[in-house]
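Note sheet for the following structure.
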Amino acid sequence: RVVGRLIIHLICFLFISSFSQKYPPVKFLSEKDRKRILITGGAGFVGSHLTDKLMMDGHEVTVVDNFFTGRKRNVEHWIGHENFELINHDVVEPLYIEVDQIYHLASPASPPNYMYNPIKTLKTNTIGTLNMLGLAKRVGARLLLASTSEVYGDPEVHPQNEEYWGHVNPIGPRACYDEGKRVAETMCYAYMKQEGVEVRVARIFNTFGSRMHMNDGRVVSNFILQALQGEPLTVYGSGSQTRAFQYVSDLVNGLVSLMNSNISSPVNLGNPEEHTILQFAELIRSLVGNRSHIQFLPEAQDDPQRRRPDIRKAKMMLGWEPVVPLEEGLNKTIQYFSRELEHQANNQYIPKPKTARQKKGRPRQHN
Ligand SMILES: NC(=O)c1ccc[n+]([C@@H]2O[C@H](COP(=O)([O-])OP(=O)(O)OC[C@H]3O[C@@H](n4cnc5c(N)ncnc54)[C@H](O)[C@@H]3O)[C@@H](O)[C@H]2O)c1
């Protein structure tokens with residue numbers, strides 16, 4: 001009987017502890033310190049890492065996403081938590097909720113995704129941003145816009161600092177995103193000056209890490225997937241164009257400290273360590289440890305030749321700078337992609353393409 005009771009106690013203990021361990025550990029914050037935070041695009045790559053940080057810091061987080069490029073799986077570990085809410089909503093439509101802070105990230109971010117439906121990209125960045133600024137004004141919330149280094153276009157100034165106005169082709173294939181973000185910044189400052197809305201603008205440079213999309217066409221995910229699958233690594237142009245990549249946890253720390261600072265002018269967040277695309281290809285190939293060869297393809301239109309952030313402002317005013325070494329970040333990302341490939345191989349259900357109306361790639365979003 002004693003043994004029987006012990007077994008029952010053990011089962012109860014395991015049952016209760018499995019419930020209490022269901023979620024990642026969350027700090028307790030008093031009512032005064034706990035904020036109600038909205039993250040638009042929170043089921044995407046950056047947004048889901050930001051959700052993790054703010055949840056673990058003890059805040060109440062509402063994620064709003066239309067799942068165009070985001071997915072529930074990125075935030076499913078919070079579903080059911082009392083501090084978390086997930087709303088399937090398109091920011092092009094108005095939203096009425098009560099919040100203290102808004103991280104406005106909703107927008108397709110990689111070239112194939114934002115070029116897929118340029119009108120929708122423009123609507124998301126213009127009407128979507130107006131809607132979020134309107135919400136910020138109504139409820140007195142502070143809004144942080146996830147802007148981009150693409151506002152500098154193909155820069156003539158190097159490295160790019162926040163004073164540089166940019167060199168963007170307004171009618172090129174990338175314009176729906178670049179100009180969309182530029183006007184989103186303009187809207188933020190119009191709301192700040194005219195309506196007194198508190199705004200923060202982060203100009204984000206290339207970022208990588210787990211939960212990036214498998215086929216988003218960005219250079220890091222392309223190279224890692226190609227190397228893991230033993231395919232040639234495709235380099236567009238000569239490979240001498242440069243990029244600088246930051247690991248996602250560095251970006252998330254930068255976003256949170258910018259939001260909680262008193263800096264309302266734009267701030268660059270990126271890693272200033274610059275490499276040529278060819279160097280990246282070689283580094284990734286050696287970290288994955290295979291012998292894929294490098295294949296050169298014609299240069300993409302309006303592809304910036306050099307990109308490197310000047311982060312002196314973030315360093316001086318936020319005390320922020322990237323701390324994750326490139327190789328460490330790449331190794332974590334390689335592990336993530338190889339798990340994803342395994343997951344795909346084990347759960348492979350490939351639906352047949354339906355109608356001829358659909359373009360190749362992601363299903364068309366409604367305008
Ligand atoms: N990742 C980078 O390297 C990078 C660089 C510069 C700027 N940014 C900016 O950071 C933000 C997040 O980028 P990411 O890399 O996480 O991209 P992502 O595509 O993974 O995330 C964007 C999210 O926004 C959602 N979304 C898109 N349109 C929406 C709409 N109309 N309504 C509601 N949700 C919508 C998507 O479903 C997705 O979950 C974007 O605004 C992007 O422009 C990212």
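Whatever order the structure lists them in is the order used to number ligands and atoms, beginning at 1.
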Do Asp65 and ligand 1 have an N or O pair less than 3.5 Å apart?
yes
Ligand-residue contact atoms, ligand 1 with Asn206, heavy atoms, under 4.0 Å
3 (O)
Between the side chains of Ser265 and Lys313, does any donor sit under 3.5 Å from an acceptor?
yes
Test your reading of the structure: does Ala106 have an N or O sitting under 3.5 Å from an N or O of ligand 1?
no
Nearest non-hydrogen contact to atom 6 (C) of ligand 1 from the set Val91, Val63, Ile204, Thr129 belongs to Ile204
Would you please say whether a donor-acceptor pair under 3.5 Å links the side chains of Ser292 and Arg285?
no
Those atoms of ligand 1 less than 4.0 Å from some heavy atom in Gly70
36 (C), 37 (O), 38 (C), 39 (O)
Are any of the N/O atoms on His104, whether in the backbone or the side chain, positioned under 3.5 angstrom from an N/O atom of ligand 1?
no
Met115 CE to Arg174 CZ distance, which is reported to the nearest 0.5 Å
5.5 Å
Can you tell me if Gln295 and His293 form a side-chain donor-acceptor pair at under 3.5 Å?
no
Would you mind finding which of Arg218, His49, Met212 brings a heavy atom closest to atom 15 (O) of ligand 1?
Arg218
Ligand 1 contact on Tyr177 by region, counting heavy-atom pairs under 4.0 Å
side chain
With Met132 as reference, evaluate Leu145, Ile127, Thr40, Val64 under the side chain to side chain contact (heavy atoms under 4.5 Å, CB included) test and give the passing residue.
Thr40
Below 3.5 Å, N or O to N or O, backbone or side chain included: is there any such pair between Thr69 and ligand 1?
yes
Between Phe223 and Phe280, does the ring centre distance come in under 6.0 Å?
no
Geometric class of the Phe205/Tyr152 ring pair [parallel <30°, tilted 30-60°, perpendicular >60°]
tilted
Here the pair of heavy atoms bringing Ala146 nearest to Ile204 is CB-CD1, 3.8 Å
With nothing but distance in play, are any N or O atoms of Lys120 less than 3.5 Å from an N or O of ligand 1?
no
Suppose I only count heavy atoms of Gly44 and a 4.0 Å limit; which atoms of ligand 1 are within that range?
20 (O), 21 (O), 38 (C), 39 (O)
Among Ala109, Gly180, Ser107, which one puts a heavy atom closest to atom 44 (C) of ligand 1?
Ala109
Which value, rounded to the nearest 0.5 Å, describes the distance between Arg142 atom CZ and Tyr103 atom OH?
9.5 Å
Side chain, backbone, both or neither: which part of Glu150 comes within less than 4.0 Å of ligand 1 when only heavy atoms are counted?
neither
Taking both backbone and side-chain atoms of Pro108, is any N or O found less than 3.5 Å from an N or O belonging to ligand 1?
no
Checking side chain to side chain contact (heavy atoms under 4.5 Å, CB included) against Tyr23, which of His77, His81, Met55 comes through?
His81
Those atoms of ligand 1 less than 4.0 Å from some heavy atom in His89
32 (N), 33 (C)
Counting heavy atoms only, name the option from Val92, Val46, Asn88, Ile39 that's nearest to atom 16 (O) of ligand 1.
Val46
Phe67 heavy atoms within 4.0 Å reach ligand 1 at atoms 37 (O)
With nothing but distance in play, are any N or O atoms of Arg71 less than 3.5 Å from an N or O of ligand 1?
no
Taking only heavy atoms of Ala43, which atoms of ligand 1 are found under 4.0 Å from at least one of them?
39 (O)
State whether the shortest distance between N or O atoms of Val64 and N or O atoms of ligand 1 falls below 3.5 angstrom.
no
Give a yes-or-no answer on whether the side chains of Gln101 and Asn260 include a donor-acceptor pair shorter than 3.5 Å.
yes
Taking side chain as C-beta onward, heavy atoms only, is Val61 less than 4.5 Å from Glu85?
no
Please check whether Ser147 reaches ligand 1 - meaning an N/O of the residue sits under 3.5 Å from an N/O of the ligand, judged on distance alone.
no
Is His213 in polar range of ligand 1, meaning some N or O pair under 3.5 Å apart?
yes
Are Asn66 and Thr124 close enough that some pair of their side-chain heavy atoms sits under 4.5 Å apart?
no
Whether Asp90 lies under 4.0 Å from ligand 1, heavy atom:
yes
Is ligand 1 under 4.0 Å from a heavy atom in the side chain of Ser110, in the backbone, in both, or in neither?
neither
Please work out whether the ring planes of Phe68 and Tyr116 are parallel, tilted or perpendicular, with thresholds of 30° and 60°.
tilted
